[in-house]
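What follows is a set of notes on a single structure, which appears directly below.
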2 protein chains.
Amino acid sequence: MTFAQFSRQAGLSRGDICREILASHRESIKAKKEATAVKNLELIFDATLALANQKGFQAMTVRDLSRATGLSMGALYDYFTSKEELLEMVLSTGRRVVMRLLEKGLQEAEGPVEQLRSAIRTHLFLSEAMQPFFFFAYMEARHLGEEQKERAKQSELATERLLAEIIQRGVKAGLMATADHQMAAALIKAMLQDWYLKRWKYAKRRLSVDRYAGFVEQAALALCLAPGLPSPCGETSKS
Amino acid sequence: MTFAQFSRQAGLSRGDICREILASHRESIKAKKEATAVKNLELIFDATLALANQKGFQAMTVRDLSRATGLSMGALYDYFTSKEELLEMVLSTGRRVVMRLLEKGLQEAEGPVEQLRSAIRTHLFLSEAMQPFFFFAYMEARHLGEEQKERAKQSELATERLLAEIIQRGVKAGLMATADHQMAAALIKAMLQDWYLKRWKYAKRRLSVDRYAGFVEQAALALCLAPGLPSPCGETSKS
DNA sequence: GCATAAAGCGAGCGAGCGATCGCTTTTTAT
DNA sequence: ATAAAAAGCGATCGCTCGCTCGCTTTATGC
């Protein structure tokens, strides 16, 4: 699977996402006509991600947002009740879309090794297609309230667990060998996240997400398949 | 080398660091007596890192800092001329200390494999000893002015290059095999950074930095020594 | 074409920010 | 004990922020 193939089948247009936001915040959004509401929500969300990723959500002012969208202060507040709610809208909607696509992309592979490859590619392609959102969610998570911050941490742990369980199945099937499947998953996750956190670095090197995915796959398999290396926690591998 | 050994020999007390800050900003700091200045600089820097890592530097107010340090607004401004200068003071001093210790820690290993191990451990132990600073520098880098932001990027690339050069020497010596030493270095760096970025996760698991270092070492060697895997960029390994 | 609803506007509000400075308290030296 | 120097203080300033609301403009239905 390449990124081009993934993009074609994922079908995550901004319009669809904004329609979803509209549906889940119908009562607090003043606009009555769907076409108008979706058009402005697209403007607002694009501008929010662009501005916040450049200078941080706290440093971004609602007046900045007004300038970037072409909407007045008053018009903006027809779509959210406070700046904090805007943050929460972006994050909760994004998280929902990501979770849906991640689970969908994983059901199709069979065998632990293929599942690991699939999980790596799906995660990378998703973070490529929604890079501004992924970066935003990572950097702004600590500015959230306690319950929202907890959800962000749970989201991180959930994707790590997903990787760990694949590796655990691989070990049980005798296809993989690692001293600690949770730790292996954590290291793989760190490599996956580097793609959207260090975009500037990889963009400068003209490295495509397909090639990056290839490297991470190779590294992950070297890590999980490697036999006989001394285990750092005192046990040897289980194979 | 363990973290305990590293801590003993590194000798980076807060007092020493603050004395260094004082020396490099002597003209703009109003306090005349060194003892007083160092004591207050310690208060200010500790509180700044704690507050900024909890809510972000932008969201932290100088009044928060006043409350946390027990110093008045006026007294604080005897130690920096603006909130922005405070940010720059913390980052530039931290960067200087880190660079000095990193280079010092690396001169003592011989042979590419031992140098790679040493680089991994030194980086991890340093980020453990100065975790608040590392986290701060990572998260606040984009709030800096353009020239400071450029220095932060250069710093990131410098440590990556350091790893890449070790791997390149290992390949030339026939001890390592990888399709792309720069990419291998980038992935190792991502694993190193995860330690101070996801502190909450590893703390909850009661994972020591020594054990984490063992895992990363194992992963890095699996990545660099792995023979015969198909290269994702179309060439086979050079060995 | 007109009445009504929907959408959009932006000056203005109070709050809280970074930063200042004339004054008081503490320390030091004689 | 006293004068000078150093350190510490916090009310106050100008400014910008998030947010509001009465008004204008645009779209819709008959």
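Using a 4.0 Å heavy-atom criterion, one finds that Ser66(A) contacts no nucleic acid atom at all. If you check every strand for non-hydrogen atoms under 4.0 Å, Tyr79(A) touches sugar and phosphate atoms only.
Ring geometry for Phe136(A) against Phe57(A) counts as perpendicular: the plane angle is over 60°, on a 0 to 90° scale with 30° as the lower cut. Ring orientation note: the planes of Phe6(A) and Phe125(A) are tilted relative to one another, at an angle of 30° to 60°.
Between the CG atom of Leu71(B) and the P atom of dT25(C) there is a distance of 18 Å, given to the nearest Å. dT20(D) atom P lies 11 Å from atom CD of Glu85(A), rounded to whole Å. The separation between Leu76(A) atom CG and dG18(D) atom P is 11 Å, rounded to whole Å. Regarding Leu65(B), its CG atom lies at a distance of 14 Å from the P atom of dG8(D), rounded to whole Å. In this structure, Arg67(B) atom CZ and dC17(C) atom C1' are separated by 13 Å, rounded to whole Å. Whole-Å rounding puts the Lys39(B) NZ to dA6(D) P distance at 17 Å. Following rounding to the nearest Å, Ile29(B) (CD1) and dA7(D) (C1') show an atom-to-atom distance of 14 Å. Taking atom CZ of Phe80(B) as the reference point, atom C1' of dG18(C) lies 10 Å away to the nearest angstrom.
Comparing Phe57(A) and Asp78(A) by the nucleotide of DNA chain D that holds the closest heavy atom to each, the one mapping nearer the 5' end is Phe57(A). Toward the 5' end of DNA chain C, the nearer of the two residues Thr81(B) and Lys33(B), judged by each one's closest nucleotide, is Thr81(B).
Among dG18(D), dA19(C), dC9(C), the nucleotide with an atom closest to any side-chain atom of Ala75(A) is dC9(C). In this structure, the nucleotide among dA19(C), dA7(D), dG8(C) sitting nearest to the side chain of Ser82(B) is dA19(C). In this structure, the nucleotide among dG8(C), dA7(D), dC9(D) sitting nearest to the side chain of Ala31(B) is dA7(D).
In this structure, Tyr77(B) does not reach the dT20(C) phosphate: none of its side-chain N or O atoms is under 4.0 Å from OP1 or OP2. For Lys32(A) and dA6(C), the shortest distance from a side-chain N or O to OP1 or OP2 is not below 4.0 Å. The shortest distance between the side-chain N/O atoms of Asn40(A) and the OP1/OP2 oxygens of dG8(C) is below 4.0 Å.
Checked by distance alone, Arg63(B) brings no side-chain donor or acceptor within 3.5 Å of a matching partner on the base of dG16(C).
Residues Glu128(A) and Arg199(A) are paired through a salt bridge, judged by an N-O separation under 4.0 Å between the basic side chain and the carboxylate.
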| query | Can you list the steps and then say if Arg205(B) with Glu160(A) is a salt bridge (charged side-chain N to carboxylate O under 4.0 Å, His left out)? | reply | CA-CA 14 Å; Arg205(B) 293 175 188 170; Glu160(A) 188 196 79; 2.5 Å; yes

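Taking the side chain to side chain contact (heavy atoms under 4.5 Å, CB included) definition, one finds that Lys39(B) meets it with nothing, sequence neighbours left out.
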